[in-house]
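To keep things clear, I will list the structure first and then write my remarks on it.
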Amino acid sequence: MPESAKMIIVLSLIAGAASLGLAQINAQTTPLIAENERQFTLRSINRVMPDMDRPDPCQSAKPRFDNNPDQDRVCVDGYTVYRGRQGDEVIGLAVVAVGDEAYSGTIRCLVGINLHGMVTGLEVLRHAETPGLGAKIEDCDWRAQLIGKKAEEMIWKVVKDGGDVDQIGGATISSRSMIDAVLKAQRLLNEKRDQLLTAPAMAAGEVCDAQ
Amino acid sequence: MPSKPTYLGEISKGLWKDNPVLVLLLGLCPALAVTNSAYNGLGMGAATTFVLLGSNFIVSLIKPIIPKSVRIPVFIVVIASFVTTVDLLLAAYLYDLWRNLGLFVPLIVVNCIILGRAEAFASRNSVGRSIFDGVGMSIGFTLTLFLLGAIREITGSGRLTLFQLGETEISFALLGQDYPGILVMILPPGAFLALGFMLAAYNVIQRRFDARKRQLAMASAHK
């Protein structure tokens, strides 16, 4: 057999065997990975809609809702919003909001807000801020000052800009971006309240554009 | 006296004499990029271990049938398959670690330790020897990454995290709660600084060791 034919046959056989093996593993792990992603989303939603009257992001709490909010998603104005319910009644929303351009890319947050407009929780889903500086947006102590407040209760700006929120030392831009995400969620609730509460849930796998 | 290399020798050379990071200076991209905490270093080491063992095993097994001219593509197919497997398994069973390591798991494909060992060792040695070489190199790589991560984490934030999965976390505030932290150690430049100090320490120790060996040899020659 000429050398070139052997080359082709050997490489094809090995590539074929590798594909077969990978297809098998992919089929095995796909449902597990999907479930992990779902659990991760649910865990974040739980944290932003806790069963507390004075929400504290540093404490773990049971969720306030009794449905599966990850299956009760709506898409309003390009925002993905999860609805938490008690029985049939919507009691709170978890809005996926992206804050203004921060120090390194944007910050993707999950903002919990109840129907009175009170912020019930704030979790960071994805960010690329500097570890030790901007990454402190993940510290629950810092986020606590934004939680449990209604829109009219304080000026939603950092102290440097004349507001009521203490910025993180050395990370004013990251702090501003977080506030911006909360403001976007508040604005959405103000302007699209009916649509948020009554729109039919999206089908599983459907994606909301823009975000 | 150079003796026939033993299996134990194959393992120990990866730990010290041919340590992949400190001596061969291979695989520096993951070594520098993910070691901002000890736990991440450990995770990266474990993922690389799996890939290196798998690829060394398969490459040494199929080496008789690989034509010389396509050996590199074959190695890459084998390595890429193992890397994809690790990526999928991590996402399925260690989701939080997978989120931390993120982009760096697929990059194991181009980690030169793995292709280097396939080309320089596994394609020339028996299956058994290749596995032991893989074990040694992996332990050396993992320990070095863990040490690098631990140095950076302790100096940078005063903490040492050994385990972290979802809400459970095992970590110690080694330098006290009030430690201000040296931020640069957690940032990319800290990786170069820490590695530089580790290389210097390695060389100092190695030189002392060599000097003592020379003295002993001289002493026995005078007898």
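Lettering follows sequence order; numbering is per chain, from 1. Values in this document were obtained by computation on a predicted structure and should not be read as measured data.
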Checklist outcome for this item: Closest non-hydrogen contact found for A:E3 with B:S69 is OE2-OG, 4.4 Å
Checklist outcome for this item: Applying a strict 4.5 Å limit to non-hydrogen atoms, the region of B:I58 in contact with chain A is neither
Next on the checklist: As an exercise, state the distance from CD1 of A:I33 to CG of B:D87, rounded to the nearest 0.5 Å.
Outcome noted: 7.5 Å
Checklist outcome for this item: Turns out that what part of B:T85 lies under 4.5 Å from chain A's heavy atoms comes down to both
Item to check | Distance, nearest 0.5 Å, that separates CZ of A:R43 from CG of B:D96 | outcome: 5.0 Å
Checklist outcome for this item: Of the listed A:L32, A:I14, A:L22, the one with the largest count of heavy-atom pairs under 4.5 Å with chain B is A:L22
Checklist entry - Pick from B:L88, B:V70, B:I65, B:L89: which one has the most heavy-atom pairs with chain A under 4.5 Å? => result B:L88
Checklist outcome for this item: dist B:R99:CZ -> A:N36:CG (nearest 0.5 Å) comes out at 10.5 Å
Checklist entry - More than 12 foreign heavy atoms under 6.0 Å from CZ of A:R38: is that the case here? => result yes
Item to check | Residue of the set A:Q39, A:E35, A:E37 for which side-chain contact (heavy atoms from CB on, under 4.5 Å) holds with B:Y95 | outcome: A:E37
Item to check | OH/A:Y103: more than 12 non-hydrogen atoms of other groups inside 6.0 Å | outcome: no
Item to check | Crowding at NZ, A:K157 (>12 non-hydrogen neighbours, <6.0 Å) | outcome: no
